[in-house]
J.: 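Got a structure here, written out as structure tokens. Questions coming.
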2 protein chains.
Amino acid sequence: MSSLRIHRNSPGPGVAELGMVEAPEAGHGCRVCLVRHLAVCTALPADQASALEQLTGDTRLHAGELLAREGDLRRYVFTVQTGALRRTRTLADGRRLVAGFLMPGDYIGFSSATHYRHTIEAITDSTLCAVSHEGMRTLCATYHGLEHELMQRACIELDATRDKLMALARMTPPERLAGFLLDMVQRRQRQGLDDAVVALPMTRTDIADYLGLTIETVSRCFTKLRGEGLIATPDPHTVQLLDRKKLELLAAAA
Amino acid sequence: MSSLRIHRNSPGPGVAELGMVEAPEAGHGCRVCLVRHLAVCTALPADQASALEQLTGDTRLHAGELLAREGDLRRYVFTVQTGALRRTRTLADGRRLVAGFLMPGDYIGFSSATHYRHTIEAITDSTLCAVSHEGMRTLCATYHGLEHELMQRACIELDATRDKLMALARMTPPERLAGFLLDMVQRRQRQGLDDAVVALPMTRTDIADYLGLTIETVSRCFTKLRGEGLIATPDPHTVQLLDRKKLELLAAAA
DNA sequence: CGGCGCGTTGAACACCCTCAAACTAGGTGG
DNA sequence: CCACCTAGTTTGAGGGTGTTCAACGCGCCG
């Protein structure tokens, strides 16, 4: 099905049936996880890192590779460590939706379905931490703080998704783009990165399918925001936020 | 703030500070709850109904009354017992979104925010079961099955909200309406009601703001579906599904 | 060089929105 | 009983906005 590749550092129970298991990755471990402060694992006591490590495996994807295909059986949940992925769905006639972009610290696994409802593919080379559903159940049963943390995050994601409804239903194209850029910069800040410049790893097509527009309209909106001095685009995948106040006004439709 | 009115059957701890508490309602209790099989409370053991009753209070709203206003402090979670409500957000310039309709069995409380992000108002006379956040924490700490059930429902709602993204971003007006009607009939089935006729308690304006359209476009879509023999509308608030297969094809864009 | 993927820009069109009016149903009061 | 009002829905006509179609520019790579 998917081109899933797993690097494991220690062969733990519950994930032994994984296909394509490769040699362990030197230097890997939850104790040195770069996104631990962002990930759901923060809910676990620090001295339980080794318990966690026994259940986790790394997944590495190159740009363009699939983590999952719509309809695949869901067997693992993931935390994005590095890179960027997109969650997409495509209709029979080709209409496509990008339901979201997945960045370091994001959790992939909030769904009630047994099978994937979206295709998830790497935009850039990415690494993820994988835990089987059984492993997750075990962890939740042992550490109730984890289930609570998951609940908290599911609510955050629900709030964010409801915000997107407003954008798609009632916001104009420039307003949607402004909101998108501010979202992206906020995620950078979460990672402790510079907040004046945004790197957009995705293509204009991805942005269009995310904002419910066409690539032409997205391109024209970039041009418009640039013309108004709100942003600068040294290259198509780099955006500088020149006037954040106005962008926020635009995005909030105040 | 809101015109919240609480009927209590037994003065339990944790909700005593409620304003506008009225006389207890005869015959009320979790044991006779009409939506218990639909509600999150299914996760609690049946013999614990009395423990639950001590924490719950009834809220009754007349059509048009508010359960909460955007920005209000969130102090309770609710389960809809009867009636119908809408969850809305309005921009400064009047653009409105109906983020969802709340029907019997629905849980109101999946949010990470301390304050309401939407206004919630009764479309028809409605009754809800209210539990304070503290009460909910107590219950979750005692019955882990409840937290798990909540998690499950949060995931279901997340899946449904993501589906709505696709509708708003890429579906045509008739497709959105077909999907909406099928959603509504599915909720009726959940309550064990007739599945050939749908009652639409909300106005065309509500539907329009839910589907990201104007009332005129919604009205024209009704006319179109009627003209194609897919539905009949004896009156504006009653819809018969004449050709469910075609409606499903339309809604799925197959 | 030539091909390709991606982004931008221009022109014409189509669709939904805006504006306007008619119609219905329900409620009030003369 | 009818006039009158209001709220909600439907239908029509015209205009605006995003889409569609097309062309061009750019960087990359064989």
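So that the names make sense, note that chain A is the first sequence line, chain B the second, and so on, each numbered from 1.
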J.: Salt bridge check, A:D163 against B:R117: does any charged N sit closer than 4.0 Å to a carboxylate O?
T.: yes
J.: First and last nucleotide of DNA chain D touching chain B, 5' to 3', heavy-atom cut-off 4.0 Å?
T.: D:dT9 to D:dA13
J.: Is a salt bridge present between A:R96 and A:D206, judged by a nitrogen-to-oxygen distance below 4.0 Å?
T.: yes
J.: Against the six-membered ring of B:F180, is B:K164 placed for a cation-pi contact (under 6.0 Å from the centre, within 45° of the normal)?
T.: no
J.: Grab the CG-P distance between A:D209 and C:dC6 for me, whole Å please.
T.: 13 Å
J.: Rounded to whole angstroms, how far apart are CZ on A:R204 and C1' on C:dG5?
T.: 14 Å
J.: Can you see whether B:F222 has B:R204 sitting over its ring - NZ or CZ less than 6.0 Å from the centre and within 45° of the normal?
T.: yes
J.: Between B:R60 and B:D125, is there a salt bridge with N-O shorter than 4.0 Å?
T.: no
J.: My understanding is that only one of B:L181, B:T233, B:I123 makes a side chain to side chain contact (heavy atoms under 4.5 Å, CB included) with B:L200; could you say which?
T.: B:L181
J.: If you fit an axis to the five pairs at each end of the helix from C:dC1-D:dG30 to C:dG30-D:dC1, how big is the angle between those two axes, to 10 degrees?
T.: 10°
J.: Below 4.0 angstrom, N of the basic side chain to O of the carboxylate: do B:R170 and A:D93 qualify?
T.: no
J.: For A:K224 and C:dT8, give me the distance from atom NZ to atom C1', rounded to whole Å.
T.: 17 Å
J.: Salt-bridged, B:R188 to B:D183, with N to O below 4.0 Å?
T.: no
J.: Under a 4.0 Å N-O cut-off, is there an ion pair linking B:D195 with B:R244?
T.: yes
J.: Under 4.0 Å, heavy atoms only, any strand: does B:S219 hit a base, just the sugar-phosphate, or nothing?
T.: base
J.: I'd like to know if A:K224 pairs up with A:E228 as an ion pair, taking the criterion as any Lys NZ or Arg NE/NH1/NH2 lying under 4.0 Å from an Asp or Glu carboxylate oxygen.
T.: yes
J.: Let me know the distance between CZ of A:F222 and C1' of C:dT8, rounded to the nearest Å.
T.: 12 Å
J.: For each nucleotide in nucleotides 13-19 of chain C, reading 5' to 3', give B when a protein heavy atom comes within less than 4.0 Å of its base, S when such contact involves only the sugar-phosphate, and - otherwise.
T.: ---SSBB
J.: Do B:K245 and B:D243 meet the salt-bridge criterion of a basic N to acidic O distance under 4.0 Å?
T.: no
